[in-house]
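To keep things clear, I will list the structure first and then write my remarks on it.
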Amino acid sequence: MLRELPKAYEPGAIESRWAEYWIKEKLFSVPTPPPGETRPVFTLLLPPPNVTGRLHMGHMLNQTQMDIIVRWHRMRGFITLWLPGTDHAGIATQMMVEKQLEREGKKRKDLGREKFIERVWEWKNEYGGAILDQMKRLGASVDWDREYFTMDENLSHAVREVFVRLYEEGLVYRGNYIVNWCPWHETAISDLEVKHEEVQGKLWEIRYPVVGSNEFITVATTRPETMLGDTAIAVNAKDERYTHLHGKKVLLPLMNREIPIITDELAQPEFGTGAVKVTPAHDPNDFEAGKRHNLPQINVMDERAHMNANAGPYAGLDRFEARKRVLHDLREQGFLVGEKDYTLAIGKCDRCGTIIEPRLSEQWFVKIQPLADRAKEAVQSGEITIVPDNYRQIYLNWMNNIHDWCVSRQLWWGHRIPAWTCANPNCKEVIVAREAPAKCPKCGGKVEQVSDVLDTWFSSGLLPFTTLGWPEKTRDQEVFYPTTLLITAYEILFFWVARMIMFGSHFMQGHHQDAAIKKASGWTDKKNDSVPFRQVYIHSLVRDAERQKMSKTKGNVVDPLDVIERFGTDATRFTLAAMAAPGTDIAFNESRTDGYRAFANKIWNAARFMFMNVDRIGFVWDGFPDPVVPGQGPDGTAEGGCPHTGIAGFTSVKLEDRWILSRFNRVAADVNDALETYRFHEAANRIYDFFWGEFCDWYIELIKPRLNFEEGGDKSVAQTACANLVSLFDAALRLLHPVMPFITEEIWQALWEGKAPSKSIALAAYPQADEKQFDLAAETDMAILQDLIVSVRNLRAELKIEPKLKLPIEVFVHEPEIARLIEQNRGAVERLATVEKITFVQNSLAKLPGVRGTARFDVHVIYERKIDVSAECERLKKELEKIEKGIIGAQKQLGNPQFLAKAPMNVVENLRRQEQELGILKEKALDKMRELACP
RNA sequence: GGGCGGUUAGCUCAGCUGGUUAGAGCGCCUGCCUUACAAGCAGGAGGUCGCAGGUUCGAAUCCUGCACUGCCCA
């Protein structure tokens, strides 16, 4: 029995036990629903972590939020599919294995492509997917039977199909362009993979001699080494300083090549000297200018950014060494005429930090505009909603400024581009095909597959439909596509989310979700079923306690597993949920987690109390309706399922019963509302306040005498009280389960003693509010009693009364029904306020010392010891100030005819009542101050 | 350079579409091992909501400017 267990909750063993149980029992596996299925469906794709990944706080936040939403839907009767998998992560994984090889003194080229890829697979099978094991520790309720890997054969097949179709539609092209090149990885990368950084650099001024004159033309550059590849000097046509030089040539220093002076917008008169060098092979703007003027493109570097043969005497040098040498030589020969400090933005490789080299090379591109137009439309029309809303505009802005997407990577690990080139140097035909062609269709020559692989995001962008069997038309797609929701980090809004929308809108055009399921799921107002998801929720960034972004280099990374180890998974999950207000970053603070560990302990001990009473009273937990309600609609009221509202098996006998029932229904309503709009923090805080502040602090305290039947009481009273306690606990556990799955499962299973109506609380029904169980009168009455009890406690503390000493009190009430209320709950007041006897008096007690009061009552603790007059005066003074401030504010508004005319009725009424009550309090305070002769 | 946030108690944060005397956790102070829980219970102190204007009957909340700060994009 639980009560035999330690007083303190120890999460470790309990959590791993249930995590294993859930997986072993396949509780979250979802078979394909057959045609005719009418239940609502909820589908969520796990953003696939890199196969090389290790769990960090961002993942944990993401997964906690997903798991909360998923468990919540499942408990409300949705067919709930959460689809997990991992990403092959081209660059990251390849690097991992290259490092491994390095330790063996080898390079990937030593192995050759085939052997190398074998090694990567070996690595993947041995170490890959560690992050999924870590996920299990978090309790993520995913369908492990459907786990995928982006390089699985079926997914790779889909990737080839997509590429070929795009090519056939003219949306894929190949060409020589300037791309972001990482010399360390020796591959092209996309714009998104480049991070810009401001650095202190220099601006050098170099003068070029004008051919056939003694004149020089001076240009400024931050990258002097590229001058070796200059093919022109540009000046602005409007710039009169250079008009006389139009059509002339300059002699390129060091290389002794003649290059033309051209006029182009590239040169802006106000910048530097107004003349710029043009290096089409090494700068994107120069590249464009070069095309406008038909300039030659001279590439002076190789793929490692070492100078090549085109760099003449500098060939073989690293680019930074070359810069030094070029500058040295220019200076020596008198061409270097200036050097200034200059702040410039440089691009670095997102993964290795190497400075990006704009490089002219042959790459494959996706023509983005047609895809982007539809993707923009999907969001603009509201077919996809993005939460928080401000990301919608960010998304649209990005879509409006989108560039073609370079999808080829010069790597080995990844989906190889399904394109072949004819080896015949006179033919060089390019063939894009689903299967390898036997020979060149044009000349019959031998063909070779293009060695490039695809950007990893190319394949992950397809996942919403490829994981559901595309390009086949499957039942899974009818049921689960579009997926319902995507929860992800802002960082990958463009990398991934935008691409999924583009690909989904394109390739799933004409798709229709099963009509019955769509209706049951509440999406009838959506017209477009080609979108990959109906909603996107962008989660916060988890920072450290000092609001710094966590990073390895700063060494401020908080390891979630470490936090879990110390505080438990439930407490960690609760922390993230409670701090996850939409649109705000989270400064992760351990003290909060420590607080939620205490919360888990509180629940644990409340459970121990419950079990103690169940055993003592001999209460048998039966006769309750089966709480598992499959087939329930999103609002808990769909046809076929019984609406599981309120608390079944709860009998209101006394005020506290009516009160807690009402409060429970309110918290259930609030939590469901909050989760509907992803206000995780609100849901978590509401449950916390209810469980601790209302259920434990008041309800349990109030029913203790009824549970304690031995003192000559009626056992049926105890039985009923115990039934209430148990059924309320059961409902509260279900309410909390999505946030704290482990402790709730542990207690819930114990509560049902092996006779639970389902294998897990995760499959039990989620509490829904029953408005009929709201009881305003009970809440108002209870508030008065709480005020009375707190007032007495307050006075006792003030009077420094020994805690155990029971004292008589006198009460004056303004209305007779309050007296009746107190009379009916006399026992509760006496016990919770340590009162010996309550006497009602006919006259106000306000003037007496040792009195507290509200607008409804005064209470006096009878005790010979005098209160500390100066302290009491001080307190009264503060109280009076506050009251007066309130009164002045209220009167100012009530005296304003505009307010009375324009403010809503209830606001005016509330303010009137408030003014009245404050008036009473003011009189009472003043009376007492006079009586005490306060200064 | 362009865009988007943030600034509320000692600390970390809530405060939704403007409407009672601005809340929580941690920390702090006082008193309690009251038979579920000292990871607890009871009580308490602590904020002119970054600054300056404006809109409104009414502003922490909406608008403008400024200061500081963070992020994204070029």
Side-chain angles (χ1 to χ4, degrees), chain A residues 2-3 7-9 191-192 194-196 345 347 388 390-391 393-394 397-398 401 490-491 493-494 541 543 545-549 567 571 575 578-579 581-613 673-674 677 679 681-682 685 688-689 693 696-697 700-701 704 708 789-790 793-798 800-804 831-834 875 878-879 881-887 889-890 892-904 906-915 917-918 921:
Chain A
L2 267 175
R3 67 197 170 106
K7 290 207 290 192
Y9 177 57
D191 293 348
L192 283 173
V194 179
K195 294 294 155 219
H196 296 270
N390 57 313
Y391 290 110
Q393 200 52 48
I394 294 175
N397 286 346
W398 188 75
N401 295 303
Y490 169 67
E491 297 175 328
L493 184 61
F494 308 129
L541 189 68
R543 301 165 174 281
E546 275 73 49
R547 298 211 128 268
Q548 298 291 304
K549 206 168 170 174
F567 303 106
T575 309
M579 298 186 78
T584 58
D585 287 349
I586 292 176
F588 188 84
N589 197 311
E590 257 175 28
S591 73
R592 288 287 288 265
T593 315
D594 199 28
Y596 296 124
R597 179 182 60 154
F599 179 52
N601 194 52
K602 186 78 184 176
I603 295 166
W604 182 253
N605 279 291
R608 287 176 61 238
F609 175 78
M610 171 180 64
F611 287 121
M612 191 186 85
N613 283 285
D673 271 3
T677 45
R679 295 179 339 254
H681 68 297
E682 212 174 289
N685 287 326
Y688 180 95
D689 290 340
C696 291
D697 286 351
I700 286 182
E701 290 307 323
K704 275 179 179 173
N708 204 1
I789 291 164
V790 169
R793 286 172 175 171
N794 206 308
L795 281 167
R796 294 176 56 99
E798 210 93 342
K800 302 199 190 314
I801 295 166
E802 303 86 282
K804 281 180 182 166
R831 222 164 37 80
L832 297 185
T834 329
R875 189 188 67 78
K878 269 188 192 166
E879 194 179 276
E881 272 170 22
K882 226 173 162 185
I883 291 168
E884 278 177 336
K885 201 176 130 200
I887 291 177
K892 198 174 134 203
Q893 289 205 66
L894 288 168
N896 185 337
Q898 299 259 45
F899 171 72
L900 298 176
K902 290 185 182 173
N906 65 318
V907 172
V908 177
E909 272 170 22
N910 280 343
L911 201 62
R912 281 220 173 91
R913 180 154 21 105
Q914 183 200 332
E915 189 213 4
E917 291 186 358
L918 284 172
L921 292 177

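Naming convention: chains lettered A, B, ... in sequence-line order (proteins, then strands); numbering from 1 in each chain.
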Would you please test A:Met579 and A:His681 for side chain to side chain contact (heavy atoms under 4.5 Å, CB included) and show each step?
-> CA-CA 6 Å; A:Met579 298 186 78; A:His681 68 297; over 6 Å; no
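- Nearest to the side-chain atoms of A:Ala8 among the listed nucleotides B:G43, B:G3, B:A39 stands B:A39.
- Between the NZ atom of A:Lys882 and the P atom of B:U21 there is a distance of 11 Å, given to the nearest Å.
- Between A:Leu493 and A:Tyr391, the closest heavy-atom pair is CD2-O, 4.3 Å.
- Between A:Asn794 and B:G44, a side-chain N or O to OP1/OP2 separation shorter than 4.0 Å is present.
- The environment of A:Lys882 atom NZ is sparse: at most 12 non-hydrogen atoms of other residues, nucleotides or ligands sit within 6.0 angstrom.
- A distance of 9.5 Å separates OG1 in A:Thr834 from CD1 in A:Ile801, rounded to the nearest 0.5 Å.
- Atom-to-atom, CD1 of A:Ile700 to C1' of B:U34 comes out at 16 Å; the value is rounded to the nearest Å.
- Distance noted for atom C1' between B:C41 and B:U35: 14 Å (whole Å).
- Residue-level contact check: A:Arg597 touches the bases, meaning some heavy atom is under 4.0 Å from a base atom.
- B:G31 sits 49 Å from B:U56 when the C1' atoms are compared, rounded to a whole Å.
- The structure places CG of A:Asn910 at 5.0 Å from CZ of A:Arg913, a figure rounded to the nearest 0.5 Å.
- Residue side chain A:Lys602 reaches the base of B:C37 through a donor-acceptor N/O pair under 3.5 Å, judged by distance alone.
- In this structure, A:Lys704 reaches the bases: a heavy-atom distance under 4.0 Å links it to at least one base atom across the strands shown.
- Using atom P as the reference point in both B:U61 and B:U7, the two lie 11 Å apart (nearest Å).
- The residue among A:Met579 and A:Phe609 whose nearest nucleotide of RNA chain B lies closer to the 5′ end is A:Met579.
- The nucleotide whose nearest atom lies closest to any side-chain atom of A:Leu921 is, among B:C37, B:G25, B:U21, B:U21.
- Between the P atom of B:G44 and the NZ atom of A:Lys800 lies a distance of 13 Å, rounded to the nearest Å.
- The side-chain heavy atoms of A:Tyr490 and A:Ile394, taken from C-beta on, include a pair separated by under 4.5 Å.
- Distance A:Phe494 CZ to B:C71 P: 17 Å, rounded to the nearest Å.
- Geometrically, A:Lys704 engages A:Phe609 in a cation-pi contact defined by less than 6.0 Å to the ring centre and at most 45° from the axis.
- Atom name P, nucleotides B:U12 and B:G3: the rounded distance is 30 Å, in whole Å.
- In this structure, A:Phe567 CZ and A:Glu590 CD are separated by 4.5 Å, a value rounded to the nearest 0.5 Å.
- Checked against B:C37, B:G25, B:G31, the side chain of A:Pro803 finds its nearest nucleotide in B:G31.
- Nearest-nucleotide positions on RNA chain B for A:Ala797 and A:Ala578 put A:Ala578 closer to the 5' end.
- Phosphate contact (OP1/OP2 of B:A38, side-chain N/O of A:Lys7, threshold under 4.0 Å): present.
- Between the NZ atom of A:Lys195 and the P atom of B:C71 there is a distance of 13 Å, given to the nearest Å.
- For the OP1/OP2 pair of B:U12 and a distance below 4.0 Å, the side-chain nitrogens and oxygens of A:Arg592 include no atom meeting the criterion.
- Closest non-hydrogen pair, A:Arg796 versus A:Ala833, comes out as CD-O, 3.6 Å.
- Checking B:C4, B:A39, B:A42 against the side-chain heavy atoms of A:Ile394 singles out B:C4 as nearest.
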Taking Watson-Crick and G-U wobble contacts under 3.5 angstrom, with | marking pairs to another strand and [ ] crossing pairs, the secondary structure of RNA chain B is written (((((((..((((.....[...)))).(((((.......))))).....(((((..]....)))))))))))).
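- Of all heavy-atom pairs between A:Ala606 and A:Ile700, the closest is CB-CD1, 4.2 Å.
- Comparing the same atom, P, in B:G6 and in B:G50 gives a spacing of 12 Å after rounding to whole Å.
- You'll find the side chain of A:Lys7 stays beyond 4.5 Å of the side chain of A:Trp604, heavy atoms only.
- Atom P of nucleotide B:A24 and atom CG of A:Asp689 are separated by 9 Å, given to the nearest angstrom.
- Among the heavy atoms of the strands, none lies under 4.0 Å from A:Glu884.
- Backbone-only engagement by A:Tyr490 is indicated by non-hydrogen atom pairs under 4.0 Å involving sugar-phosphate atoms exclusively.
- Taking atom OH of residue A:Tyr688 and atom P of nucleotide B:G25, one finds them 6 Å apart after rounding to whole Å.
- The C1' atoms of B:U20 and B:G25 are separated by 25 Å, rounded to the nearest whole Å.
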Base, backbone or nothing for each nucleotide of nucleotides 15-20 of chain B, written B, S, -, heavy atoms under 4.0 angstrom, 5' to 3'?
-> S---BS
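- Here the separation of B:G23 from B:A39, taken at their P atoms, is 29 Å to the nearest Å.
- Backbone-only contact: A:Val790 has heavy atoms under 4.0 Å from sugar-phosphate atoms and none from a base.
- Rounded to a whole Å, the CG atom of A:Asp697 is 8 Å from the C1' atom of B:C41.
- For A:Ala598, counting side-chain heavy atoms from C-beta on, the closest listed nucleotide (B:A36, B:A38, B:A39) is B:A39.
- Taking CD of A:Glu701 as the start and CD1 of A:Ile789 as the end, the distance is 10.5 Å to the nearest 0.5 Å.
- Nucleotides B:A36 and B:G27, compared at atom P, are 25 Å apart to the nearest Å.
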